[in-house]
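Let me begin by presenting the structure, written as C-alpha cells, before commenting on it.
In the text below, chain A, chain B and the rest are named by the order of the sequence lines, each starting its count at 1.
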Amino acid sequence: METTVDDDLPEQMRIRREKRNRLLESGREPYPVNFPRTASLAEIRARYADLPTDTATGDKAALAARVIFIRNTGKLCFATLRAGDGTELQAMLSLDRVGQESLDEWKRLVDLGDHVGIHGEIITSRRGELSILADSWVMTAKALRPLPVAHKPLSEEARVRQRYVDLVVRPEARDMVRYRSTAVRSLRDTFHADGWVEVETPMLQLMHGGAAARPFVTHCNALDTDLYLRIAPELYLKRCVVGGIERVFEINKNFRNEGLDSTHQAEFAMLEAYRAYADYRDMAALTTRLVQNAARAVFGSETVVHHDGTTLDLSGTWREVTLYGSLSEALGEAVTVDTPMGRLLELADKHGISVDPLWVPGKLVEELFEELVVPGLVQPTFVYDYPVDTSPLVRQHRTQPGLTEKWDLYVRGMETATAYSELVDPVVQRERLVAQAALASKGDPEAMRLDEDFLRAMEYGMPPSGGMGMGIDRLLIALTGLGIRDTILFPLVRPE
RNA sequence: GGGCCGCUAGCUCAAUGGCAGAGCUGUGGACUUUUAAUCCAUAGGUUGCGAGUUCGAGUCUCGCGCGGCCCA
C-alpha cells in the first residue's frame with residue numbers, strides 16, 4: 001500500500017519512508033512475508049571458523065540479519081550483519097556478482113538498521129573476514145527509524161524506555177536476557193531433579209497476605225468486589241502443602257505498591273518453595289544449591305566476576321551469623337530480644353535512624369541491623385534467628401524464646417532470599433494473624449488481614465515444613481552485579 | 001516528601017548574557033577488499049514546556065514536566 005510522506009517528520013525518517021515507497025514502486029516488498037534462510041550467522045561462523053584468508057568455498061547460503069554497519073565503495077560494498085543473538089557476519093556485494101542495477105539499489109535503499117536477506121557464497125575477504133559474497137539481496141524489513149550511534153553509549157533512560165533498541169546495540173543487554181533465562185531454567189532444573197512440583201497460584205486475590213507490603217487494588221466486575229494483586233504466593237503454597245504436595249514451588253510475579261528505585265520494582269519475579277518435613281536449615285542447603293547451580297549454568301563457575309571487576313565467591317558453605325549477634329558486634333554492646341524499647345530508641349537516635357511510632361521492638365532491631373550490618377554483607381551470608389514480633393508466619397525458635405526459626409540471605413549487601421521453619425500450629429497462627437489484623441485496623445497499611453480460608457486450611461493440618469522465598473531479580477543482581485533496571489527487560493517507568 | 005545535577009540536531013555532546021556548533025548519522029558525488037573506511041560537497045534546531053528580568057536568554061529568575069544521584 002502506498003503511503004504519503006509526512007513533511008513534519010525529521011529528515012532521516014522521511015527519507016527512510018521514501019525508500020520504502022521506492023521499493024513498492026519498483027514492485028518489491030519492503031516487508032516480505034518470509035525469507036527462507038539456509039543457516040544462521042552463528043552456524044556459518046561455527047562451520048567456517050578456520051577458513052584461511054582470501055578463500056572462496058564455493059558453498060552457497062541464504063542468510064538474513066540486521067545491517068549494523070555499511071562501507072560502500074564504487075563497485076564493492078561491505079556491510080556488517082548482526083543476528084538477534086549478537087553474532088555478526090560481513091556481507092559483500094560486488095558489481096561483477098550482482099550487476100549494476102542491484103548494486104545501485106543496495107546503495108540507494110539500504111540503511112543502517114534494515115533487515116536484509118542475502119543469497120551468496122561463503123568466502124573470506126583479503127583481510128581475512130568471514131563473509132557472504134552476494135549473488136542477490138532482498139530487503140526483509142525496512143527500518144523507518146535510524147539506529148543510535150553505535151559507538152556512543154545510549155543514555156540510561158533511552159536504554160530502559162526503548163529496550164528493543166538497547167538489545168540491538170548493546171551486547172550486555174542481550175547477555176542479561178540470556179543470563180536470566182538460563183538462571184531461571186537452572187532453578188527449575190534443580191527442583192525437578194529432586195522431585196519438586198511447580199504450581200501456579202492466584203495473582204488476583206480476595207485478601208492479600210503472606211508478606212508485609214502495600215498491595216495494588218483492582219476491581220472484579222463479575223463479583224462486584226475489589227481484588228488485590230498478590231504480594232506473595234505464600235498462603236496458597238501452604239494450602240498446597242496441606243493438600244499433600246510435599247515439595248512445591250512457584251516462580252511468578254508479585255506486585256507491591258511501593259516506592260520505585262534502583263532496587264525496587266512494582267512487579268517482580270519471585271521464587272517460593274515449601275517442603276514438608278524440612279526446616280529452615282534444610283532450606284538453607286537447598287538455597288545454596290539453587291544459587292550455586294544457577295551460577296554454574298550461567299557462568300560455568302561458582303565464582304563469578306562482575307563488570308566492575310569484583311569477584312563473588314558463591315562456592316562451598318556460606319557464612320552464618322545471627323541477627324542479634326551481628327548487630328551487637330556492630331554496636332559494641334549486647335543487644336538481645338530482651339533489650340528494652342527505651343534503649344533501642346536511644347541506639348536508633350545515636351545512629352541517626354528516624355523511628356515510626358507504630359514500630360515494635362523487633363522492627364527497630366531490624367532497622368538498626370539494616371543500617372549498621374547489612375552494607376558489610378557482601379559475600380553470601382545467612383543471617384539467622386529473627387524476633388517473633390516481625391515474623392507472624394514463622395515458627396517459634398525451638399530453643400530461644402522470643403526468636404523465630406528464620407534466616408535472610410544477604411549477597412552484595414542485598415537481601416536475596418529468606419526462609420522459615422514454618423508456623424503450622426493453627427491456633428498460634430490465628431493469634432498472630434488477629435494481632436496483625438489489629439495493626440491493620442490501626443492504620444498500618446503493610447499489616448496482614450485475617451484470611452479465614454487460610455486458617456481453615458491450616459486447621460486441617462499442615463505437616464512440619466520449611467519455606468523459602470528468593471527474588472529472581474535479586475538473584476540476577478547477585479550473579480551479575482548489575483542494577484535491577486538492567487535485569488528487568490521492561491521496568492516500569494513514568495509515561496513519556 | 002526534601003536536596004543536588006541534568007534536559008540543545010536522529011544519537012552522543014559543546015557553546016563568558018551577544019550570529020546555536022562538533023563528531024557520528026543523513027543527503028549528493030568519487031572509490032572492487034572495507035573493519036567506527038577514506039576524500040569532496042551539503043542538509044538538519046520551537047535549545048523539555050510556560051512565564052519573567054534584559055536592548056538582547058540555550059545561558060539569569062520563578063513555576064511545571066521528565067530523568068539521574070543522595071537523603072527521608
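- Closest contact between the side chain of A:Q12 and the listed nucleotides B:U25, B:U33, B:G68 involves B:U25.
- B:G68 and B:G28 are spaced 41 Å apart, taking the C1' atom of each and rounding to whole Å.
- Rounded to whole Å, the separation between the P atoms of B:U35 and B:G17 comes to 43 Å.
- Pairing partner, B:G67: B:C5, with both Watson-Crick or wobble hydrogen-bond distances short of 3.5 Å.
- The side chain of A:R71 lies closest to B:U35 when the candidates are B:U35, B:U32, B:G10.
- When each of B:U33, B:U35, B:C11 is scored by its nearest atom to the side-chain atoms of A:P148, the top-ranked nucleotide is B:C11.
- Taking atom P on both B:U61 and B:A22, the two are 29 Å apart, rounded to the nearest angstrom.
- Atom NZ in A:K75 sits roughly 10 Å away from atom P in B:U33 (whole-Å rounding).
- At whole-Å resolution of the value, CZ in A:R170 and P in B:U12 are 13 Å apart.
- Pairing partner, B:G23: B:C11, with both Watson-Crick or wobble hydrogen-bond distances short of 3.5 Å.
- In terms of position on RNA chain B, the residue among A:L112 and A:T73 whose nearest nucleotide sits closer to the 5' end is A:L112.
- Using a 4.0 Å heavy-atom criterion, one finds that A:K107 contacts no nucleic acid atom at all.
- Taking CG of A:L476 as the reference point, atom OH of A:Y179 lies at 10.5 Å (rounded to 0.5 Å).
- Nucleotides B:G26 and B:G44 place their C1' atoms 8 Å apart, quoted to the nearest Å.
- Between A:E129 and A:R45 there is a salt bridge, with a side-chain nitrogen of the basic residue lying less than 4.0 Å from a carboxylate oxygen of the acidic one.
- Of the residues near RNA chain B, A:P146 and A:V493, the one whose nearest nucleotide (by heavy atom distance) lies more toward the 5' end is A:P146.
- For the pair A:S125 and B:U35, the criterion of a side-chain N or O lying under 4.0 Å from OP1 or OP2 is not met.
- If you run side chain to side chain donor-acceptor pair (under 3.5 Å) between A:D111 and each of A:K19, A:Q12, A:R145, only A:K19 comes through.
- Here the C1' atom of nucleotide B:G44 and the CD atom of A:E11 are 6 Å apart, to the nearest Å.
- Distance A:R159 CZ to B:C66 C1': 18 Å, rounded to the nearest Å.
- B:G23 and B:A15 are spaced 15 Å apart, taking the C1' atom of each and rounding to whole Å.
- Across the P atoms, B:A9 and B:G65 are found 22 Å apart, a figure rounded to whole Å.
- Rounded to a whole Å, the CD atom of A:E129 is 11 Å from the P atom of B:U35.
- With P as the reference atom, B:C49 and B:C11 are 15 Å apart, rounded to whole Å.
- The CD1 atom of A:I70 sits 14 Å away from the C1' atom of B:U27 (whole-angstrom rounding).
- Per the geometry, CZ belonging to A:R14 stands 12 Å off P belonging to B:G10, to the nearest Å.
- Nucleotide B:U16 forms no Watson-Crick or G-U wobble pair with any nucleotide shown, as no partner meets the under 3.5 Å limit on both distances.
- The pairing partner recorded for B:C62 is B:G50, the criterion being a Watson-Crick or G-U wobble arrangement whose two distances lie under 3.5 angstrom.
- When ring centroids are compared, A:H208 and A:F255 stay outside the 6.0 Å threshold.
- Between A:F369 and A:Y410, the gap from one ring centroid to the other is short of 6.0 Å.
- Within 6.0 Å of CZ on A:R37 lie no more than 12 heavy atoms contributed by other residues, nucleotides or ligands.
- Look at A:R161 and you won't find any side-chain N or O under 4.0 angstrom from OP1 or OP2 of B:C66.
- Look at the C1' atom in both B:G48 and B:G58: the space between them is 12 Å, to the nearest Å.
- A cation-pi geometry, defined here as NZ or CZ lying under 6.0 Å from the six-membered ring centre and within 45° of its normal, does not hold between A:K406 and A:Y420.
- Taking atom CD of residue A:E157 and atom P of nucleotide B:C69, one finds them 12 Å apart after rounding to whole Å.
- Across all strands, A:S131 comes closer than 4.0 Å to no nucleic acid atom at all (heavy-atom distances).
- Across all strands shown, nothing is found opposite B:A36 as a Watson-Crick or G-U wobble partner with both distances under 3.5 Å.
- Counting non-hydrogen atoms under 4.0 angstrom, A:D111 reaches the backbone sugars and phosphates but no base.
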